[in-house]
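Note: hydrogens, waters and symmetry copies are ignored here, and every other heavy atom, side chains too, is used.
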Amino acid sequence: MKYTLKNGRKIEVKTLTTAQIDEVKSLQEEVIASLTSVNALQPLSREEFAHILNGKGLMIGAYFEDELIAFRAMLEPEIDNEHLGKDAGLAESEWTSVIYSEITNVKPSFRGNGLQVLLGKVILENTSVQRYRYICATVAPFNIPSLQDKFTQGLQIVALKEKYADMLRYILIKDCEKSQTDNECSQQRKVQMQDTKQQQHLFKEGWIGTSIEKVEEEWYVHFEK
């Protein structure tokens, strides 16, 4: 599949296989080196990439002149006590219907071209909704591009807790059998993103985070119930 970026460059998006694992690892290392906060991204190991590329999920990549400039992955997770279905409040019987919206990496020199959103659209179109009813993800607070990306995909925040060796993460989920218009919310409020305890209290009370907003210099999470 061929696309034209905002800067006019033409790219090709294709499904990746184990043959591209070294390219994927190399791009991830370049992205990590460019980050101002190492906690903003939970990198995947070579074994985890191999797990996805060997059929436990889906990974697509964007190429410019035969160079991998971005990739995005969906992961079919193991059924264990760390399953995001548990964090999202799903019954254990539904965990097998969950796929994770996993890591997205974009080459630093190609940022600002909408590649994350483009790959998100393509990978969702190629994910079987017959097999997977739920899409789950984790995002670090203040990782604004990733949060905005997940909202674009239709995910909503349902929890804020420690994951991955005590790192604070939002838990997001999308029910592919429901449209966003199915959610009838009569109450709305917003909370500063830095107010962890207040957000955790609202999630326990059944509120969901549906969007984020910057007011002056502060980021807020919009809640609905």
Side-chain angles (χ1 to χ4, degrees), residues 1-35 40-78 84 96-140 143-155 164 172-177:
M1 296 172 284
K2 298 184 183 298
Y3 300 90
T4 302
L5 300 180
K6 295 177 182 178
N7 59 13
R9 291 175 172 175
K10 297 186 184 299
I11 64 166
E12 182 178 6
V13 176
K14 56 186 179 182
T15 301
L16 301 180
T17 70
T18 52
Q20 287 87 40
I21 194 167
D22 288 334
E23 295 175 69
V24 169
K25 281 287 292 176
S26 178
L27 179 54
Q28 177 176 255
E29 289 167 6
E30 182 179 351
V31 168
I32 291 172
S34 72
L35 296 176
L41 175 70
Q42 179 65 25
L44 297 187
S45 66
R46 186 182 185 88
E47 291 72 25
E48 288 171 319
F49 282 127
H51 179 75
I52 296 171
L53 294 169
N54 279 313
K56 292 296 185 178
L58 173 67
M59 189 179 298
I60 60 172
Y63 282 83
F64 174 70
E65 296 182 346
D66 297 323
E67 179 188 10
L68 181 66
I69 59 169
F71 66 84
R72 185 158 192 155
M74 301 286 273
L75 167 69
E76 182 181 308
E78 299 291 339
L84 295 183
T96 54
S97 299
V98 171
I99 192 167
Y100 292 178
S101 178
E102 259 294 345
I103 196 168
T104 302
N105 279 181
V106 176
K107 188 177 179 67
S109 59
F110 278 82
R111 289 173 185 162
N113 285 287
L115 274 166
Q116 185 167 357
V117 173
L118 171 63
L119 293 186
K121 180 175 181 292
V122 174
I123 206 164
L124 280 181
E125 290 173 349
N126 287 275
T127 299
S128 172
V129 293
Q130 288 75 35
R131 184 174 178 183
Y132 304 109
R133 175 175 175 176
Y134 301 99
I135 300 173
C136 287
T138 62
V139 178
N143 186 342
I144 304 305
S146 187
L147 282 169
Q148 291 172 329
D149 168 69
K150 298 301 181 292
F151 288 131
T152 299
Q153 284 192 302
L155 279 75
Y164 316 124
L172 300 95
I173 189 170
K174 175 182 180 178
D175 184 344
C176 297
E177 291 188 0

Quick one: are [X] and [Y] in side-chain contact, heavy atoms under 4.5 Å?
X: Phe71; Y: Val31; answer: no
X: Ser34; Y: Ile32; answer: no
X: Phe64; Y: Lys107; answer: no
X: Leu5; Y: Ile11; answer: yes
X: Phe110; Y: Arg9; answer: yes
X: His51; Y: Glu78; answer: yes
X: Ser26; Y: Glu23; answer: no

Side chain to side chain contact (heavy atoms under 4.5 Å, CB included) with Val122: of Ile60, Val117, Thr127, only one passes, and it is Ile60
For Ile52 and Leu44, what are the C-alpha separation, side-chain angles and deciding distance, and is it a side chain to side chain contact (heavy atoms under 4.5 Å, CB included)?
CA-CA 10 Å; Ile52 296 171; Leu44 297 187; 4.0 Å; yes
Look up atom [atom1] in [X] and atom [atom2] in [Y], then write down how far apart they are to the nearest 0.5 Å.
X: Ile69; Y: Leu115; atom1: CD1; atom2: CG; answer: 5.0 Å
X: Thr96; Y: Arg131; atom1: OG1; atom2: CZ; answer: 10.0 Å
X: Ser128; Y: Ile99; atom1: OG; atom2: CD1; answer: 9.0 Å
X: Glu29; Y: Asn105; atom1: CD; atom2: CG; answer: 10.5 Å
X: Phe49; Y: Ile103; atom1: CZ; atom2: CD1; answer: 5.0 Å
X: Thr138; Y: Leu172; atom1: OG1; atom2: CG; answer: 8.0 Å

Testing the basics here: between [X] and [Y], what is the closest heavy-atom pair and its distance to 0.1 Å?
X: Tyr134; Y: Ile173; value: CD2-CD1, 3.8 Å
X: Ala140; Y: Leu147; value: O-CD1, 4.4 Å
X: Leu68; Y: Gly61; value: CD1-CA, 3.8 Å
X: Arg72; Y: Gly120; value: NH1-CA, 3.4 Å
X: Cys136; Y: Val98; value: SG-CG1, 3.9 Å

Passes side chain to side chain contact (heavy atoms under 4.5 Å, CB included), Met74 versus Ile135? Steps please.
CA-CA 9 Å; Met74 301 286 273; Ile135 300 173; 4.2 Å; yes
Considering residues, nucleotides and ligands other than Lys56, do more than 12 of their heavy atoms fall under 6.0 Å from its NZ?
no
Step by step, work out the side chain to side chain contact (heavy atoms under 4.5 Å, CB included) result for Lys150 and Ser146.
CA-CA 6 Å; Lys150 298 301 181 292; Ser146 187; 3.4 Å; yes
Verdict with supporting geometry, Glu102 and Glu48, side chain to side chain contact (heavy atoms under 4.5 Å, CB included):
CA-CA 11 Å; Glu102 259 294 345; Glu48 288 171 319; over 6 Å; no
Atom pairs and distances, side-chain donor-acceptor, residues 12-22, under 3.5 Å, sequence neighbours left out:
unit_1: Thr17; atom_1: OG1; unit_2: Ala19; atom_2: N; d: 3.2
unit_1: Thr17; atom_1: OG1; unit_2: Gln20; atom_2: OE1; d: 3.2
unit_1: Gln20; atom_1: OE1; unit_2: Thr17; atom_2: N; d: 2.7
unit_1: Asp22; atom_1: OD1; unit_2: Arg46; atom_2: NH1; d: 2.8
unit_1: Asp22; atom_1: OD1; unit_2: Arg46; atom_2: NH2; d: 3.0

Pair listing, side chain to side chain donor-acceptor pair (under 3.5 Å) test, anchored in residues 116-125, at least two apart
Gln116-Asp149, Lys121-Glu125
Quick check: does any side chain N or O of Tyr100 sit under 3.5 Å from a backbone N or O of Leu84, one acting as donor and the other as acceptor?
yes
